[in-house]
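Down below is the structure, laid out as structure tokens.
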Amino acid sequence: MRKNEIDITTFDTLPFGGVGHSGMGAYHGKYSFNTFTHKKSCLVKDFNPIAEKLATSRYPPYSEKKINFLGTMMKKRKGVSLKYVPYILMFVLGIAVACGVSAIVKASGDSDIDATN
């Protein structure tokens with residue numbers, strides 16, 4: 001029995017201990033680290049350089065420039081007005097139809113000239 005205890009204590013990677021009279025816990029190697037540490041969550045940010053530059057204004061020390069920038073970014077803005085979208089679409093459609101008709105007229109006009117010669 002004594003030999004077994006010596007063998008276990010010489011390997012620091014084996015868990016050692018137990019419940020009650022056999023020990024108080026696992027206190028060797030990785031198990032010791034896990035026993036005496038508390039697991040916490042960790043956020044890993046992976047911003048691109050432009051986003052990281054913009055995000056630096058969130059962290060102290062807060063200068064007047066950072067406070068103004070944050071105020072500008074948090075300001076409530078009006079969205080894009082969709083009031084004129086139908087007019088713009090009709091204008092683009094009108095130009096497309098005019099170009100199409102012009103191409104058809106040119107194509108039919110060229111074939112008439114070739115037929116008469």
Side-chain angles (χ1 to χ4, degrees):
M1 189 74 150
R2 183 81 177 126
K3 171 93 168 103
N4 192 18
E5 287 180 16
I6 293 171
D7 286 341
I8 289 175
T9 58
T10 56
F11 296 104
D12 63 348
T13 57
L14 291 176
F16 179 70
V19 180
H21 294 292
S22 64
M24 295 301 288
Y27 301 133
H28 280 278
K30 176 183 115 177
Y31 303 99
S32 172
F33 180 79
N34 290 340
T35 300
F36 294 111
T37 57
H38 300 287
K39 298 190 189 284
K40 296 180 181 178
S41 59
C42 181
L43 172 65
V44 177
K45 298 184 304 180
D46 189 22
F47 289 142
N48 63 18
I50 294 171
E52 188 62 42
K53 184 67 178 165
L54 291 173
T56 56
S57 62
R58 296 184 297 170
Y59 307 113
Y62 294 112
S63 64
E64 195 65 35
K65 182 179 174 183
K66 283 185 177 182
I67 292 171
N68 289 339
F69 177 72
L70 287 174
T72 303
M73 294 305 285
M74 292 172 32
K75 198 179 291 184
K76 202 165 228 177
R77 295 181 177 86
K78 290 172 63 176
V80 177
S81 175
L82 301 176
K83 182 174 152 182
Y84 298 109
V85 170
Y87 300 110
I88 293 170
L89 288 176
M90 292 306 290
F91 177 73
V92 170
L93 182 64
I95 290 175
V97 168
C99 289
V101 168
S102 175
I104 291 171
V105 168
K106 280 186 179 181
S108 65
D110 290 340
S111 63
D112 289 341
I113 294 173
D114 293 335
T116 57
N117 290 335

Side chains of residues 71-90: which donor-acceptor pairs under 3.5 Å do they make with residues two or more places apart or in other chains?
| unit_1 | atom_1 | unit_2 | atom_2 | d |
| --- | --- | --- | --- | --- |
| T72 | OG1 | N68 | O | 2.9 |
| R77 | NH2 | T72 | O | 2.6 |
| S81 | OG | K83 | N | 3.4 |

Could you list the donor-acceptor pairs under 3.5 angstrom formed between side-chain atoms of residues 57-66 and any protein atom two or more places apart in sequence or on another chain?
| unit_1 | atom_1 | unit_2 | atom_2 | d |
| --- | --- | --- | --- | --- |
| S57 | OG | L54 | O | 3.1 |
| R58 | NE | A55 | O | 3.4 |
| Y59 | OH | K45 | NZ | 2.8 |
| Y62 | OH | R58 | O | 2.6 |
| S63 | OG | K66 | N | 3.3 |
| K66 | NZ | T56 | O | 3.4 |
| K66 | NZ | Y59 | O | 3.0 |
| K66 | NZ | P61 | O | 3.2 |

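- Grouped by direct or indirect side-chain proximity (heavy atoms under 4.5 Å, Ile/Leu/Val/Met/Phe/Trp/Tyr only), I104 sits alone.
- In terms of the side chain to side chain contact (heavy atoms under 4.5 Å, CB included) criterion, residue partners of F91 (sequence neighbours excluded) are, by chain and number, I95.
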